[in-house]
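Inspection log for the structure reproduced underneath, given as structure tokens.
Starting from 1, each residue takes its place in the sequence as its number.
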Amino acid sequence: MSSKKNKTGAKNPTRKQQAERIKQAEERERRAKEAAEAKARTKKIFTVVVCIILVLALGIPTMALTVLSL
């Protein structure tokens, strides 16, 4: 198998090199997808924690005023 040069002067990649590039691209896609899922999960957890803090911050003083006013 002779390695021909294309218009830019670079050699054409072999099947093994093409397979390796495809494998690397799939790995990058998988990592990017996992990172996006982790980011979304972190955002959901943060939202829930903030909501809980707000409920407690508003609920505790209200209950305290209710109990003390009796």
Side-chain angles (χ1 to χ4, degrees):
M1 210 183 237
S2 65
S3 58
K4 297 180 182 178
K5 293 187 176 188
N6 59 16
K7 293 178 184 177
T8 61
K11 292 183 178 180
N12 291 332
T14 63
R15 288 185 184 199
K16 186 177 181 181
Q17 290 171 334
Q18 287 177 338
E20 185 65 29
R21 284 183 183 172
I22 291 171
K23 188 177 179 182
Q24 289 173 352
E26 289 172 348
E27 182 68 20
R28 282 193 304 270
E29 278 185 31
R30 185 185 63 80
R31 286 186 192 154
K33 187 176 180 182
E34 287 178 357
E37 289 174 355
K39 188 175 181 181
R41 189 170 42 250
T42 303
K43 187 175 179 180
K44 286 181 184 177
I45 291 171
F46 178 76
T47 303
V48 169
V49 168
V50 168
C51 288
I52 290 172
I53 290 171
L54 288 174
V55 166
L56 291 175
L58 296 173
I60 291 174
T62 304
M63 291 302 296
L65 288 173
T66 305
V67 169
L68 292 175
S69 67
L70 292 177

Linking Ile, Leu, Val, Met, Phe, Trp and Tyr by side-chain heavy atoms under 4.5 Å, what else ends up with F46?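 V50, L54, all in the cluster of F46.
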
To which residues is I52 joined in a hydrophobic cluster, defined by side-chain heavy-atom contacts under 4.5 Å among Ile, Leu, Val, Met, Phe, Trp and Tyr, whether direct or through other members?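 The other cluster members (ILVMFWY side chains, heavy atoms under 4.5 Å, direct or chained) are V48, L56, I60.
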
For the pair E27 and R31, evaluate salt bridge (Lys or Arg N to Asp or Glu O under 4.0 Å) and give the outcome as yes or no after the intermediate values. CA-CA 6 Å; E27 182 68 20; R31 286 186 192 154; 3.4 Å; yes

Pairs of donor and acceptor atoms involving the side chains of residues 63-70, under 3.5 Å and at least two apart or interchain, shall be tabulated with distances.
from: T66; atom 1: OG1; to: T62; atom 2: O; distance (Å): 2.8
from: S69; atom 1: OG; to: L65; atom 2: O; distance (Å): 3.1
from: S69; atom 1: OG; to: T66; atom 2: O; distance (Å): 3.0

Between the side chain of E26 and the main-chain N/O of K23, is any donor-acceptor distance below 3.5 Å?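 No, E26 side chain to K23 backbone: no donor-acceptor pair under 3.5 Å.
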
How would you list all residue pairs meeting salt bridge (Lys or Arg N to Asp or Glu O under 4.0 Å) that involve residues 34-55, not counting sequence neighbours?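 Checked against salt bridge (Lys or Arg N to Asp or Glu O under 4.0 Å) - neighbours excluded - the pairs reaching residues 34-55 are R30-E34.
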
In chain order, what residues pass the side chain to side chain contact (heavy atoms under 4.5 Å, CB included) check against Q24, with sequence neighbours excluded?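 Side chain to side chain contact (heavy atoms under 4.5 Å, CB included) check on Q24 returns E20, R28.
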
